[in-house]
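Working notes, structure below.
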There are 2 protein chains.
Amino acid sequence: MLLRKFGNRVLNKLDESLLTRLPPFSMLDRAQIRAILDQAASRRYDEGATVFGEGMPAERFHLLLDGTIRVIRTTPTGEQIIALHIGPGQLFGIAPALARDTYPATAVAAAESLALSWPVRLWPEFVQRYDGFATESYRTLGARLGEMQSRITELATQQVEQRVAACLLRMVNQSGRKVDQGIEIAFPVTRQNISEMTGTTLHTVSRLLSAWEREGIVESTRRRIVVTAPHRLVLLSGPAG
Amino acid sequence: MLLRKFGNRVLNKLDESLLTRLPPFSMLDRAQIRAILDQAASRRYDEGATVFGEGMPAERFHLLLDGTIRVIRTTPTGEQIIALHIGPGQLFGIAPALARDTYPATAVAAAESLALSWPVRLWPEFVQRYDGFATESYRTLGARLGEMQSRITELATQQVEQRVAACLLRMVNQSGRKVDQGIEIAFPVTRQNISEMTGTTLHTVSRLLSAWEREGIVESTRRRIVVTAPHRLVLLSGPAG
DNA sequence: TTCCGAATTTGCGTAAGAGCAAAGTGCCGC
DNA sequence: GCGGCACTTTGCTCTTACGCAAATTCGGAA
């Protein structure tokens, strides 16, 4: 894990080559990357730490280097729902891209994480000065929009079992890591979390996971989930899902 | 209704002053507007006509002048779900803004509609040449993203009655027109349509509307809905909704 | 005006999943 | 190594809203 190798203060040469591979910066040359990094602040977040809160003035935009960020919203009655997960290499909190002056959701570190950030005033500058930056950022946004659309469709038409299966698959695809028994979701997830992603209750999720464990589709310990038979989950996630 | 006044071929001076008020063009001067209009194609769509289909190559982006466009998605099993409604003055089908080369959803005229359109290759030009165009477009996109987020939250946490109430209110806000008895939704809506927006069945929607009609909250004829007591719908739509 | 089809209403049985309650179990810090 | 807390499991009941079926009505076209 990056955090262990590099600590949390200084950006060094390796970070540079790392950034070069990330979509938003993939089209830039070394000097440009250097200029961008010089203006960045880097910060480490403990698990559970809040990066920014819903409604707060959007002062900075962020790039996740390592870890996982959960973007959540809270309903008037206090229930939380998880909008999406951010993985390494993704921009987040990009309110300036949408001409917003306040964050529309809360971002919390789902696991120990490392992120860069820049003041929002630099956004237009990046867009103007760095070719491909805008395009790549908006491509990401488009993908995110598409994913949200899929979530809506899912919530509206599928039943709970299918939604939970799809949710596991999504997490596996986005941040699965290969282990002996199958593919492990790379960040801690509770039943409660899954219920907040799929619009159900932790009880129902628990029952489903228990059943799937009996059938050999998943293995789980507390807050860790390993999918041992992804193909069977695909079947469960629905027709042509 | 605009269509009756101007027909469907020629853009005239009145259109110009109309466009000036629309967000994407609000910051431009007369000459710029003229230039933009010169490159536009205008087209009329009958109710039910398809503007573009999901998966089709995105060749043009559109601006709705009059009417209502329904953006829908079809699930593998053939169910339709309505992603959002576009009202006059809004851009739609702006795949180029998200670096997509194919439309992510289908757009159908919910009522007789009039729209301008431009080839996608003009998008970068508009963004570059016309100050504020990009900002305003992305502001719209941000709002749309926020609305989708709300829909997800709603679907995940609220129950059917609240969702349907919220759905009616949303339509009333977006395209309500004042009539004697209250506020009428400006385009034809079936119970089926509402069920496709709220993730329920037409039966349940019908039952709810019947009940609300008995209580004097709405009045409806076939495909037309008038909300007579919006405040009571607000209460029904949930705590602090 | 009459007729047809689409849209709507309503009843009834039922399944899915929520809600409540309570017991169990791993994990972390001390 | 121990205690406590957070997370998990499981049983039971009950409500919601879905699914199916059938009757009804409205509105436009001929």
Side-chain angles (χ1 to χ4, degrees), chain A residues 46-48 70 75 77-82 108 110-112 154-168 185 187-215 218-226 236 238, chain B residues 46-48 75 77-82 110-112 154-168 185 187-215 218-226 236 238:
Chain A
D46 285 329
E47 181 182 330
R70 242 195 272 284
T75 68
T77 57
E79 296 143 300
Q80 290 195 342
I81 87 111
I82 298 176
V108 170
E112 193 182 19
E154 235 174 71
L155 283 165
T157 64
Q158 317 249 50
Q159 46 195 49
V160 170
E161 182 174 39
Q162 303 176 310
R163 300 208 301 269
V164 174
C167 172
L168 286 188
I185 293 166
F187 51 90
V189 201
T190 65
R191 311 291 184 258
Q192 173 82 35
N193 287 332
I194 294 177
S195 77
E196 286 165 357
M197 290 182 250
T198 53
T200 180
T201 61
L202 81 159
H203 307 280
T204 301
V205 173
S206 179
R207 279 180 248 269
L208 282 172
L209 287 186
S210 298
W212 290 344
E213 188 130 24
R214 274 192 294 277
E215 295 178 36
V218 303
E219 288 173 20
S220 67
T221 64
R222 178 172 288 219
R223 306 180 72 203
R224 288 278 156 200
I225 298 177
V226 178
L236 284 173
Chain B
D46 285 330
E47 181 182 330
T75 68
T77 58
E79 296 143 299
Q80 290 194 342
I81 87 111
I82 297 176
E112 194 182 17
E154 237 174 69
L155 283 165
T157 64
Q158 317 249 52
Q159 47 195 49
V160 170
E161 183 173 40
Q162 304 177 309
R163 299 208 301 267
V164 174
C167 173
L168 286 189
I185 292 167
F187 51 90
V189 201
T190 64
R191 312 290 184 259
Q192 173 82 36
N193 286 332
I194 295 177
S195 77
E196 286 165 355
M197 289 182 250
T198 53
T200 178
T201 63
L202 81 159
H203 307 280
T204 301
V205 173
S206 178
R207 279 180 249 268
L208 282 172
L209 287 186
S210 299
W212 291 343
E213 188 130 24
R214 275 192 292 278
E215 295 179 36
V218 303
E219 288 173 21
S220 67
T221 64
R222 182 171 285 223
R223 307 180 73 203
R224 288 276 156 202
I225 298 177
V226 179
L236 285 172

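Reckoned from all heavy atoms, side chains included, excluding hydrogens, waters and symmetry mates. Here is the naming used below: chain letters follow the sequence lines, and residue numbers restart at 1 for every chain.
Whole-Å rounding puts the B:E219 CD to C:dT8 C1' distance at 17 Å. When the P atom of C:dG26 is taken as reference, atom CZ of A:R222 falls 8 Å away, rounded to whole Å. When rounded to the nearest whole Å, the span between CG of A:L209 and P of D:dT8 equals 9 Å. Following rounding to the nearest Å, B:W212 (CH2) and C:dT10 (C1') show an atom-to-atom distance of 18 Å. Distance, A:Q192 CD to C:dA18 P: 12 Å, rounded to whole Å. Put simply, CZ on B:R191 is 7 Å from C1' on C:dT8, counting in whole angstrom units. As a whole-Å value, the separation of A:L202 CG from D:dA6 P is 15 Å.
Listed candidates were C:dA7, C:dT9, D:dC7. Nearest to the side chain of B:R223 is C:dA7. Among the nucleotides D:dT9, D:dC18, C:dC27, the one closest to the side chain of A:S206 is D:dT9. In this structure, the nucleotide among D:dC7, C:dT9, D:dG11 sitting nearest to the side chain of A:R207 is D:dG11. Closest contact between the side chain of A:S210 and the listed nucleotides D:dT9, D:dA17, D:dT8 involves D:dT9. With distances taken from any side-chain atom of A:V160 to the nucleotides C:dG17, C:dA7, C:dC20, the minimum falls on C:dG17.
Note on B:T200: every side-chain N or O is 4.0 Å or more away from OP1 and OP2 of D:dA17. Applying the 4.0 Å criterion to OP1 and OP2 of D:dC7, one finds that A:T190 has every side-chain N and O outside that range.
Shortest non-hydrogen contact noted between A:A111 and A:F187 is CB-CB, 4.2 Å.
With hydrogens and angles left out, the side-chain atoms of A:T77 and A:T75 include a donor and acceptor closer than 3.5 Å. Donor-acceptor pairing under 3.5 Å is lacking for the side chains of A:T157 and A:R163. Looking only at atom types and distance, the side chain of A:T200 has no donor-acceptor partner in the side chain of A:R191 under 3.5 Å away.
For A:H203 against D:dT10, a side-chain N or O and a base N or O form a donor-acceptor pair under 3.5 Å.
For the pair B:E161 (side chain) and B:L236 (backbone), a donor-acceptor distance under 3.5 Å is absent.
Nearest-nucleotide assignment on DNA chain C puts the 5′-proximal partner with B:R214, out of B:R214 and A:T201.
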